[in-house]
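Notes to accompany the following structure.
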Amino acid sequence: MTQTGISNIADWRVTLDGKDLTGKMRPRLVSLSISEKRGDEADQLDIVLDDTDGGLDIPPEGAVLTVAIGWKQGRNVEIGLVEKGSFKVDDVSHSGPPDQITIKARAADFTSAIRNRRDQSWKNSTLGAVLKDVAGRNGLTLKVTPALAAIALPSISQSRTSDIAFLRRLGRENDAVATIKDKHLIFAPKGAGQTTSGKPLPTLTITRASGDRHNWQRQKRDGQEGVTASWHDRKGAKKQSFTVGKKDGAKRLRKTYPDEASARRAAVAERDRLKRAPASFDMKLAFGRPDASPECRVTVTGFKDQIDGTTWLISDVTHRLDKGGGLTTDIKMELAS
């Protein structure tokens, strides 16, 4: 109960291939959780239902569940549902006693085709054109920031790797995140999270009173203040290198890039990643935040100056609902650029 005597009660909605099943599922719900990942990892939905009376049907493999979660009533929470996307059922189990059905589903946009290995090369292209090809063959609409789309790629190859692995590589080399949501491939600079409509994700403010537990950790820097990337100089027929930051003790990237511009981008991207690494901040929110999602920026209050004075970037989120009407959110964060 809150101080005013009004209980905080969570709400949710589940549809199966467009049919609303919430009313049928509500009295049987044991738990529902959604894990949202950043970039190329598929979001996951887990639902556990009570089947002690044997009245439930096992959902077919490949069925598509669409889920929304939020708050029905309460104080210091936003009332209403937040859409969390569509999930394709790929694992169902029945256990007991007590008899229960457990449903596991992954983000529907992560098809098997996007995980198949491919071979393809591009010459005198751009990052935008390459991404458009990848998006098109997977039935996705591309959303890419103009600055990234315009990057020239004299030569790039996808060799015996899946489109998911290839997108991960492109993101790493350009300090960007490739996110697949609602039939869109969103490719944007890390920390510049966007919705599928291209609008920036909101910055969330979280107070210490909202949290149940927290953990802040600062790691020791490895002392590397520079990054070196190598590239193949075809005209000079020799390997060249580029270093961003201090050359002495610089981290050397293993890959040899096809041109100087690619090597420069990879070195800068890794330098920026190393800058974000030293601190992390995790929170478990007793009153969940359905609006929290990866790539959202967060400011917090009520902690130490080093924590409150930092802008954080969400990397992973897990929302959990239970049959008692509770909703909690676990958030993992790193330093924003």
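Here the structure is a predicted model, which means the values were calculated and not measured.
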Ile103 and Asp46: CA distance, side-chain angles, deciding distance, side chain to side chain contact (heavy atoms under 4.5 Å, CB included) verdict: CA-CA 6 Å; Ile103 302 167; Asp46 294 86; over 6 Å; no
For the student: nearest non-hydrogen atoms of Leu167 and Ala178, plus distance: CB-CB, 4.0 Å
Derivation and outcome, side chain to side chain contact (heavy atoms under 4.5 Å, CB included), residues Ile156 and Val130: CA-CA 9 Å; Ile156 189 168; Val130 172; 4.2 Å; yes
Derivation and outcome, side chain to side chain contact (heavy atoms under 4.5 Å, CB included), residues Leu131 and Phe166: CA-CA 10 Å; Leu131 290 169; Phe166 186 52; over 6 Å; no
Exam field: side chain Ser315 to backbone Lys332, donor-acceptor pair closer than 3.5 Å: yes
Sidechain N-carboxylate O distance under 4.0 Å for Arg320, Asp330: yes
Min side-chain heavy-atom separation Leu45-Leu32 under 4.5 Å: yes
Backbone N/O of Gly55 and side chain of Asp51: donor-acceptor pair under 3.5 Å: yes
Atom pair OG1/CD of Thr179 and Glu36 - distance to nearest 0.5 Å: 11.0 Å
Value rounded to 0.5 Å, distance of CG in Leu56 from CD1 in Ile101: 4.5 Å
Heavy-atom pair of closest approach, residues Ala63 and Leu16: CB-CD1, 3.3 Å
Stepwise side chain to side chain donor-acceptor pair (under 3.5 Å) check, Ser86 with Thr66: CA-CA 4 Å; Ser86 299; Thr66 302; 3.1 Å; yes
Any pair counted as salt bridge (Lys or Arg N to Asp or Glu O under 4.0 Å), so long as it reaches residues 55-67, sequence neighbours left out: none
Pair Lys284-Asp212, salt bridge (Lys or Arg N to Asp or Glu O under 4.0 Å): steps then yes or no: CA-CA 5 Å; Lys284 181 178 180 64; Asp212 194 22; 5.8 Å; no
Whether Thr22 side chain and Val14 backbone form a donor-acceptor pair below 3.5 Å: yes
Derivation and outcome, side chain to side chain contact (heavy atoms under 4.5 Å, CB included), residues Gln44 and Lys104: CA-CA 7 Å; Gln44 182 164 319; Lys104 294 182 180 294; 4.2 Å; yes
Atom of Arg169, atom of Ser157 and distance for their closest heavy-atom approach: NH1-O, 2.7 Å
Which atom of Val317 lies closest to which atom of Ala292, heavy atoms considered: CG1-O, 3.9 Å
More than 12 heavy atoms of other groups within 6.0 Å of Lys255 NZ: yes
Partners passing side chain to side chain contact (heavy atoms under 4.5 Å, CB included) against Gln100 (at least two apart in sequence or in another chain): Val30, Val48, Ser95
Validation row: Val227, Leu253 side chains within 4.5 angstrom (heavy atoms): yes
Non-hydrogen side-chain atoms of Thr102 and Ile47 separated by less than 4.5 Å: no
Ionic contact status for Lys238 with Asp233, cut-off 4.0 Å: no
Counterpart residues, side chain to side chain contact (heavy atoms under 4.5 Å, CB included), relative to Glu260 (two or more places apart): Trp231, Arg264
Asn8 side chain vs Arg75 backbone, donor-acceptor pair below 3.5 Å: yes
Arg28 side chain to Asp50 backbone, donor-acceptor under 3.5 Å: yes
Asn215 (side chain) donor-acceptor with Asp282 (main chain) under 3.5 angstrom: no
For Ala250, all residues meeting side chain to side chain contact (heavy atoms under 4.5 Å, CB included), sequence neighbours excluded: Thr228, Thr243
Polar side-chain atom of Asp43 near backbone of Lys37 as donor-acceptor pair, under 3.5 Å: yes
Side-chain touch Val300/Thr207, heavy atoms, less than 4.5 angstrom: no
Pair Gln158-Arg117, side chain to side chain donor-acceptor pair (under 3.5 Å): steps then yes or no: CA-CA 9 Å; Gln158 178 182 359; Arg117 292 186 177 185; over 6 Å; no
Within-4.5 Å side-chain heavy-atom neighbours: Thr145 and Phe187: no
Whether Phe281 and Trp312 hold their rings parallel, tilted or perpendicular, with breakpoints at 30° and 60°: tilted
4.5 Å side-chain heavy-atom contact, Ile180 and Leu140: yes
Spacing of Leu327 atom CG and Leu285 atom CG [to the nearest 0.5 Å]: 9.5 Å
Ring centroid separation Phe303 to His214 under 6.0 Å: yes
Distance, nearest 0.5 Å, that separates CD1 of Ile186 from NE2 of His184: 7.0 Å
Residue pair Ala267 / Val244: nearest heavy atoms and the distance that separates them: O-CG1, 3.5 Å
Shortest non-hydrogen contact between Leu142 and Gly128, atoms and distance: CD2-O, 3.7 Å
Heavy-atom donor-acceptor pair, Asp175 side chain to Gly171 backbone, under 3.5 Å: no
Audit row: Asp133, Trp122, side chain to side chain donor-acceptor pair (under 3.5 Å) steps and yes/no: CA-CA 10 Å; Asp133 285 348; Trp122 292 264; 2.8 Å; yes
Check: Thr256/Ser230 side-chain N/O donor and acceptor closer than 3.5 Å: no
Salt-bridge contact Arg289-Asp291 (side-chain N to carboxylate O under 4.0 Å): yes
Sidechain N-carboxylate O distance under 4.0 Å for Glu173, Arg168: no
Short side-chain donor-acceptor distance under 3.5 Å, Asp11 and Gln73: no
Check: Pro290 main-chain N/O paired with Trp71 side-chain donor or acceptor under 3.5 Å: no
With Arg265 via side chain to side chain contact (heavy atoms under 4.5 Å, CB included) - residues at least two apart: Ile151, Leu153, Asn174, Ala261, Ser262
From CD1 (Ile307) to CZ (Arg208), nearest 0.5 Å: 8.0 Å
From His319 atom NE2 to Thr329 atom OG1, the distance as rounded to the nearest 0.5 Å: 5.0 Å
From CA spacing to verdict: salt bridge (Lys or Arg N to Asp or Glu O under 4.0 Å), Arg13, Asp20: CA-CA 8 Å; Arg13 182 181 66 239; Asp20 194 340; 5.2 Å; no
Listed once per pair and sorted, the salt bridge (Lys or Arg N to Asp or Glu O under 4.0 Å) pairs that draw on residues 304-314, sequence neighbours left out: none
